[in-house]
Protein chains: 2
Amino acid sequence: MDGGSLSIGELARATSTKVETIRYYERSGILPSPPRTSGGYRAYGPGHLARLSFVRRGRDLGFSIEQIRALLDLADQRDRPCEAVDAIAREHLAEVERKLADLGALRRELAALIGQCRHGTVAECRILDALAPA
Amino acid sequence: MDGGSLSIGELARATSTKVETIRYYERSGILPSPPRTSGGYRAYGPGHLARLSFVRRGRDLGFSIEQIRALLDLADQRDRPCEAVDAIAREHLAEVERKLADLGALRRELAALIGQCRHGTVAECRILDALAPA
DNA sequence: GATGAGGCCTGTAGCGGCTACAGGGTCAAG
DNA sequence: CTTGACCCTGTAGCCGCTACAGGCCTCATC
């Protein structure tokens with residue numbers, strides 16, 4: 001690929017993203033369609049690299065595609081206050097904390113279940129008992 | 001519906017499940033197809049109620065449909081040892097613990113991010129900085 | 001210039017676990 | 001006999017990818 005621009009495979013390697021995922025991001029509108037070479041290959045510039053890196057970090061932090069889209073939109077309005085950014089991050093944190101609480105409760109329940117196993121036959125299995133109707 | 005048998009709506013209410021979900025469970029083979037009335041309505045018996053309750057509790061505990069299917073199969077082999085049951089539960093617990101660890105790390109990262117917010121303009125937003133490429 | 005390997009292209013379908021229709025049939029109360 | 005609540009099938013959508021199939025492009029090598 002010519003100077004400065006990246007093929008989809010190169011962009012994929014540069015961002016630890018699969019090629020199919022990049023095309024999916026393009027389809028879903030979060031990564032703009034790049035120009036094409038004469039042969040029809042996508043040719044990405046540094047802007048695409050930066051944007052995809054942003055998306056990947058956001059995904060690693062658990063933000064949804066929609067949230068990332070909103071963050072990217074906000075990032076373009078450089079002299080507005082950053083409260084909206086803060087709000088998205090806080091909402092996501094709250095969601096993470098809800099999931100943590102749920103999973104913690106789940107772990108306790110599962111551990112209690114497993115602790116009751118007497119390693120006998122299925123007929124007297126307490127794990128199955130706990131699942132069977134009361 | 002006649003004595004002892006339940007319509008799909010009644011079964012749904014009895015198990016806090018949506019009607020569509022019950023039909024989905026039947027399609028996916030985890031709940032057996034019930035007999036039908038002359039008008040073509042599903043007519044569920046106590047066995048179905050018990051089985052669906054089991055499935056629901058399993059789902060509430062985070063087991064996958066496949067795991068629940070395996071547990072149900074095991075539950076039928078009453079004089080085999082219950083090690084396989086134990087193994088499924090332990091594996092699920094391990095998975096839950098992995099997710100807990102991941103979410104905990106995520107929470108720390110997000111909290112750090114949010115703690116850096118200086119409530120200025122978008123241009124100087126540290127949350128966006130943290131997402132933007134290095 | 002032919003060939004072959006490895007990339008790239010589009011389009012479509014699948015994952016899990018539901019959920020939500022549309023467009024009909026059934027049934028019991030009044 | 002009508003009304004309205006229920007039920008039926010079939011299909012499509014959600015999220016965030018992932019995995020093909022069946023081709024085209026490019027480049028190095030002979």
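Treat the numbers as computed from the prediction; the structure is a model and nothing was measured. In the text below, chain A, chain B and the rest are named by the order of the sequence lines, each starting its count at 1.
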From the options dC27(C), dC8(D), dT10(C), select the nucleotide whose nearest atom is closest to the side chain of Ser38(B).
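Of dC27(C), dC8(D), dT10(C), dC27(C) is nearest to the side chain of Ser38(B).
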
Closest approach of Leu113(A) and Leu61(B), non-hydrogen atoms and distance?
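Leu113(A) and Leu61(B) have their closest heavy atoms at CD2-CD1, 4.2 Å.
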
So, does the side chain of Tyr41(A) form a donor-acceptor pair with the base of dC25(D) at under 3.5 Å?
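Donor-acceptor pair under 3.5 Å: yes.
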
Do Tyr25(B) and dG17(C) share a donor-acceptor pair, side chain to base, under 3.5 Å?
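Under the 3.5 Å cut-off, the side chain and the base do not form any donor-acceptor pair.
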
Could you check Arg56(B) against Arg23(B) and say which one's nearest nucleotide on DNA chain C is further toward the 5' end?
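Final value for this comparison: Arg56(B).
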
Any Lys18(A) side-chain N or O less than 4.0 Å from OP1/OP2 of dG16(D):
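The answer is no; no side-chain N or O of Lys18(A) sits under 4.0 Å from OP1 or OP2.
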
Is Thr37(B) near enough to dT26(C) that one of its side-chain N or O atoms lies under 4.0 angstrom from OP1 or OP2?
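It does not, given that no N or O in the side chain of Thr37(B) lies less than 4.0 Å from OP1 or OP2 of dT26(C).
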
Before accepting this row, confirm whether a basic side-chain N of the pair Glu66(B)/Arg69(B) lies closer than 4.0 Å to the acidic partner's carboxylate O.
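Yes, Glu66(B) and Arg69(B) are salt-bridged.
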
Have a look at Arg59(A) and say if it touches a base, only the backbone sugar-phosphate, or nothing, with a 4.0 Å heavy-atom cut-off.
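Answer is sugar-phosphate: Arg59(A) comes under 4.0 Å of backbone atoms only.
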
Starting at CZ of Arg27(B) and ending at C1' of dG14(C), how long is that distance when rounded to a whole Å?
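The distance from CZ of Arg27(B) to C1' of dG14(C) comes to 15 Å, rounded to the nearest Å.
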
Atom-to-atom span, CG of Asp60(A) to P of dC17(D) - whole angstrom
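Going from Asp60(A) (CG) to dC17(D) (P), I get 10 Å.
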
Residue pair Thr121(B), Arg80(A): steps toward the side-chain hydrogen bond (donor to acceptor under 3.5 Å, both in side chains) verdict:
CA-CA 5 Å; Thr121(B) 66; Arg80(A) 298 265 291 270; over 6 Å; no

Among residues 64-75 of chain A, which ones have heavy-atom contacts with DNA chain D below 4.0 Å?
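Heavy-atom cutoff 4.0 Å gives Ser64(A), Ile65(A).
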
